[in-house]
Enquirer: 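The structure is given below, and queries will be raised subsequently.
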Amino acid sequence: MPHRSATTSRRNTSAEPLSEADRKALALLEEVLCTIAVNSGAESRGRFALAYSGGMDSRFLAHAAVLLGFQPFLLMAVGPQLPPEEEDFGRIWAEKNGLTLRKVEVDPLSLPLVAVNDRRRCYECKREIFGTFLRILNEESSPLPLCDGTNASDALAYRPGTQAVRELGVRSPLALAGLSKGDIYRLAALSGMERPCQKPRPCLLTRLPYGMRPERKTLEGLAAAEQAVRLALEDAGIPEADFRLRLVPSAESLNTELHLLRKEAQELPPSLLEDLTRLAENAAPQLPRPARLALQDSLSGFFDRLQPLTTS
């Protein structure tokens, strides 16, 4: 029996119906995937490989693809630069949803741009990771096309990694369908995806200032401290609070700063805010002390604002 178009048969666990605009957005994503996926001859409408981190964008693409009748094969890079808690959640979520996942060890810390934490490190890191994925796929007699979770909003921000995506011929179905970050959050909730408000957990290299060499021990400390903070916020009933722990240079030293959104911090009791920095210190004694709280109006692109890109 042929698989029906999921824009008409798709499971929708939300009480709120899809708007006409949302139905059109999913139909466009469906059309994009039809042009990319390889016919597998099975009941699915086609297969493709997906660079999958367990984050919101790639997870939504996997979720939507399944609802639309496609069969994604997930490739997950694991290495010292990636938050272990997001890796664990992404693996468990894939298993719960019956998706095939292959973990691939990739350590980019010795790459020239990554080793000095250059502003364009993401370009070199993406080339290494996606190049590894493509080599794995090309070992098969019928290689699957590789996709990623880049969305339409990424074009509005500084994203050097997207250049590597284009150069390697990786396809970005969410961007091709014109889906923004806001669209993804909304459609994830309406279509019943678990944790539809999942906050981004960027690569741990983004917690370091440009020019600081990333050491494995430092990255492990940042990951452990962030996990301690997250668990405390979960215990306080705020499982999706957005924050970053960063090493921020000053005139004479390097400081450990816990960055919380100002509007979210205002809703937290002062005693909890004090506990968060203490928990971060205890979880990562290798990081500079004392850890201090620094409220922010925006979390993304902190070091780009601290060290603006100059042009000649």
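Note that the structure is predicted; figures quoted are calculated from it, not measured.
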Enquirer: Donor-acceptor check, side chain of S58 to backbone of G149, threshold 3.5 angstrom: yes or no?
Expert: no

Enquirer: Ion pair present between E234 and R230, side-chain N to carboxylate O less than 4.0 angstrom?
Expert: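 Salt bridge: no.
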
Enquirer: Would you confirm whether N138, through its side chain, and R135, through its main-chain N or O, come within 3.5 Å as a donor-acceptor pair?
Expert: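 Side chain of N138 to backbone of R135: no pair is present.
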
Enquirer: Dump the intermediate steps for side chain to side chain contact (heavy atoms under 4.5 Å, CB included) on V248 and L306, then the final yes or no.
Expert: CA-CA 9 Å; V248 181; L306 197 65; 4.2 Å; yes

Enquirer: Check whether any side-chain N or O of E281 sits under 3.5 Å from a backbone N or O of R289 as a donor-acceptor pair, and report yes or no.
Expert: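 The answer is no, because no donor-acceptor pair under 3.5 Å joins these two groups.
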
Enquirer: Using only atom types and a distance under 3.5 Å, with no angle test, would you say the side chain of E128 pairs donor to acceptor with the backbone of V106?
Expert: no

Enquirer: For residues 61-70, which residue pairs pass the salt bridge (Lys or Arg N to Asp or Glu O under 4.0 Å) check, not counting sequence neighbours?
Expert: none

Enquirer: Under 4.0 Å between a side-chain nitrogen and a carboxylate oxygen: does that hold for R23 and E20?
Expert: yes

Enquirer: Using modelled atom types and a 3.5 Å cut-off, is there a donor and acceptor pairing between side-chain atoms of R207 and backbone atoms of P202?
Expert: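 Flag set: sc R207 to bb P202 pair under 3.5 Å.
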
Enquirer: Could you tell me whether R201 sits above the aromatic face of F243, with NZ or CZ closer than 6.0 angstrom to the six-membered ring centre and within 45 degrees of the axis?
Expert: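 The answer is yes, since R201 meets both limits relative to F243.
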
Enquirer: Give a yes or no on whether a salt bridge exists between E240 and R195, defined as a side-chain N under 4.0 angstrom from a carboxylate O.
Expert: yes

Enquirer: Is a side-chain donor or acceptor of N255 paired with a backbone partner of E257 at a separation under 3.5 angstrom?
Expert: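 Answer holds: no.
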
Enquirer: Please tell me whether R120 and Q163 have a donor and an acceptor in their side chains that are separated by less than 3.5 angstrom.
Expert: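 The criterion, which ignores hydrogens and geometry beyond distance, is satisfied for Q163 and R120.
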
Enquirer: L179, L26: one ILVMFWY side-chain cluster at the under-4.5 Å cut-off?
Expert: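 Yes, it is one cluster - the side chains of L179 and L26 are joined through contacts under 4.5 Å.
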
Enquirer: Any idea how F60 and H63 line up, ring-wise: parallel (<30°), tilted (30 to 60°), or perpendicular (>60°)?
Expert: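 F60 vs H63 ring planes: tilted.
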
Enquirer: Is a side-chain N or O of N117 found less than 3.5 angstrom from the main chain of L208, in a donor-acceptor match?
Expert: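 Between the backbone of L208 and the side chain of N117 there is a qualifying donor-acceptor contact (under 3.5 Å).
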
Enquirer: Does the D183 side chain pair with the main chain of S180, one donor and one acceptor, at a distance under 3.5 Å?
Expert: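 Yes.
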
Enquirer: One thing to verify: whether R121 and D118 come together as a salt bridge, which I'm taking to mean a side-chain N less than 4.0 angstrom from a carboxylate O.
Expert: no

